[in-house]
Amino acid sequence: MTPAPVRVAVLVSGGGTNLQALLDALHSSPIARVTRVVSNRSDAGALARAQAAGVPTAVLRHPADGDELLAALGDAQLVVLAGYLKLVPRAVVSRFRGRMVNIHPALLPDFGGPGMYGHHVHEAVLASGAKESGVTVHFVDEAFDRGEIIAQERVPVKPGDTPDALAARVLEAEHRLLPRVVLDLARRLS
Ligand code: GRF
């Protein structure tokens, strides 16, 4: 009997272009399916993308409350943090150890950690004079951006780059890498 697609929950705080890349890639996949989207912000643009795709959504009242987050994740088998800006409570990290991943718009372990999100990351990369940047998908542990790295894709930093130009180039790489990593992990789980 063909196993049911792996149930994927996505945690979001922002516009949701990575969520959209996942929704598009997993839309009719027999391997994995986005089954719920959870946010700490009721005004996150990502929620509208989920609703447009017919995926149930939930908004957390207390993101630091592990029981509330576990309830919101429901029967998910795999959890993806796609632009989620809150620290995941310990109880949830241990429940989903090895089955929860985050995407970060830089080549970790550099340019990660508390406060390193969005344009702050790209500004720091440009200020450092680095010749390349990229994207990292890693397992989530109890600290921001520290978990074991699963995959990375490198992109060049070009002369005259602004934080926005670099962010746009990195985002394209994110939309390629995230669905690939999620499908690989789902294949291992099914
Ligand atoms: C992405 O750059 C992601 O790497 C970072 O937050 C941004 C979210 O973008 N963690 P979006 O909401 O998926 O468009």
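Counting from 1, the numbers follow the sequence of the chain as shown. In each ligand, atom 1 is the first atom listed, and ligand 1 is the first ligand listed. Just the heavy atoms: all of them, side chains too, but no hydrogens, waters or symmetry mates, feed the values below. Here the structure is a predicted model, which means the values were calculated and not measured.
- Shortest non-hydrogen contact noted between A64 and P89 is O-CG, 3.6 Å.
- Listed by first and then second residue, the ring-ring contact (aromatic ring centres under 6.0 Å, His included) pairs that reach into residues 80-105 come to none, sequence neighbours excluded.
- Members clustered with F144: L87, by chain and number, using a 4.5 Å side-chain heavy-atom cutoff among hydrophobic residues.
- In this structure, the salt bridge (Lys or Arg N to Asp or Glu O under 4.0 Å) partners of D43, at least two apart in sequence or on a different chain, are R41.
- Using a distance-only test at 3.5 Å, with no hydrogens or angles considered, a donor-acceptor pair links the side chain of R99 to the main chain of Q77.
- Near ligand 1, G14, G15, G16, T17, N18, G83, I103, H104, P105, L171, E174 each place a heavy atom less than 4.0 angstrom from the ligand.
- Distance alone, capped at 3.5 Å, places no donor-acceptor pair between the D145 side chain and the G112 backbone.
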